[in-house]
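Please read the structure below before turning to the comments.
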Amino acid sequence: MLEGKTVNLRVREKEDLPLFAEWFSNLEFLGEYSGVRQTSKSDVEKMDEEEKMHEMKDFFIEKKDGTKIGLISHFHVLHPAAKQLEIGYSVIPTERRKGYCTEATKIIVDYLFLSKDTTRIQAATDTRNLASQKVLENAGFKKEGTLRKCHFSRGAWRDWLLYSILREEWKQPKILTKTP
Ligand SMILES: CC(C)(COP(=O)(O)OP(=O)(O)OC[C@H]1O[C@@H](n2cnc3c(N)ncnc32)[C@H](O)[C@@H]1OP(=O)(O)O)[C@@H](O)C(=O)NCCC(=O)NCCS
């Protein structure tokens, strides 16, 4: 487990797949800028296999009392040999705007730079998703540019903004005090 100040990150296990299926079928959890999707338990099992190809790892964002309030994931953008990492996240609607995602993002950035031989971590978000942009800026990411019409969501192709943080900008752990 990765321990933060107000939240911890706990690796998602196989037995958590039913909760995954529930959250990935809940449009409020996915947020207004995500694609519309309905995810069955067998879809989630298939996702689990695909995630292995991209060396994707999902963490639950948990409050200190163990309540699961969201997800944050990291995965390889290209072939794992390219060492290009990306992150994505979501928090349940009732726990938004409390700083939890900002803290979870800082924790995962610490974890990735401490544990992986990578020079950059990236994240992409819909141009209209101000909350996500704020999370990334709070965690030290810089805006790189626009990915034009790269994502199909709610009946239209949407522009996304690409953000990244470089190892030299991160410099040292912000939250993780124990080396993973
Ligand atoms: C994006 C998301 C994960 C942010 O989680 P969160 O825990 O609410 O984020 P934080 O509390 O750390 O807030 C970060 C900043 O965004 C601001 N913010 C939060 N919601 C906002 C909104 N709807 N509009 C504008 N700003 C918002 C907060 O006020 C905070 O700003 P501050 O640092 O100046 O105080 C959450 O809104 C969510 O789950 N959305 C749906 C899924 C999603 O969009 N995921 C990202 C896909 S790229």
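When a ligand or atom number is given, it counts from 1 through the structure's own listing order. Computed over heavy atoms, backbone and side chain alike; hydrogens, waters and symmetry mates excluded. Positions are given from 1 along the sequence.
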Could you list the atoms of ligand 1 found under 4.0 angstrom from a heavy atom of [X]?
| X | result |
| --- | --- |
| Lys98 | 11 (O) |
| Ala131 | 1 (C), 16 (O), 18 (N), 19 (C), 20 (N), 21 (C), 22 (C), 27 (C), 37 (O) |
| Ala124 | 48 (S) |
| Thr102 | 10 (P), 12 (O), 14 (C) |
| Ser132 | 1 (C), 46 (C), 48 (S) |
| Gly31 | 41 (C) |

Can you check whether Ile165's main-chain N or O pairs, donor with acceptor, with Arg120's side chain at less than 3.5 Å?
no
Give a yes or no on whether the backbone of Thr39 and the side-chain of Ser25 come within a donor-acceptor separation of less than 3.5 Å.
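Indeed, once roles are kept as given, a pair shorter than 3.5 Å links the two residues.
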Among Lys134, Glu103, Arg96, Arg128, whose heavy atom sits nearest atom 17 (C) of ligand 1?
Lys134
Check for me whether [X] has a heavy atom closer than 4.0 Å to any atom of ligand 1.
| X | value |
| --- | --- |
| Leu30 | yes |
| Ala123 | no |
| Gly99 | yes |

Less than 4.0 Å between [atom] and some protein heavy atom, yes or no?
| atom | value |
| --- | --- |
| atom 38 (C) of ligand 1 | yes |
| atom 2 (C) of ligand 1 | no |
| atom 35 (O) of ligand 1 | no |

Test: Arg37 cationic atom under 6.0 Å from Phe24 six-membered ring centre, within 45° of axis
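Relative to the ring axis of Phe24, which defines the angle, Arg37 lies outside at least one limit.
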Regarding [X] and [Y], does a basic nitrogen lie under 4.0 Å from an acidic carboxylate oxygen?
| X | Y | result |
| --- | --- | --- |
| Lys134 | Glu137 | no |
| Glu95 | Lys98 | yes |
| Lys142 | Glu169 | yes |
| Glu55 | Lys116 | no |

Using only heavy-atom distances, determine whether the side chains of [X] and [Y] contain a donor-acceptor pair under 3.5 Å.
| X | Y | result |
| --- | --- | --- |
| Ser132 | Tyr33 | no |
| Asp110 | Trp170 | yes |
| Gln133 | Thr125 | no |
| Thr146 | Asp159 | no |

Check: Cys101 N/O within less than 3.5 Å of ligand 1 N/O:
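Yes.
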If you measure every N or O of Val91 against every N or O of ligand 1, does any of those distances drop under 3.5 Å?
yes
Spacing of Thr118 atom OG1 and Leu166 atom CG [to the nearest 0.5 Å]:
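Spacing of OG1 (Thr118) from CG (Leu166) equals 9.5 Å.
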Among protein heavy atoms, which lies nearest [atom], and at what distance?
| atom | value |
| --- | --- |
| atom 45 (N) of ligand 1 | Tyr89 O, 2.8 Å |
| atom 33 (O) of ligand 1 | Asn138 ND2, 2.8 Å |
| atom 24 (N) of ligand 1 | Arg97 NH2, 3.3 Å |
| atom 44 (O) of ligand 1 | Asn129 ND2, 2.8 Å |

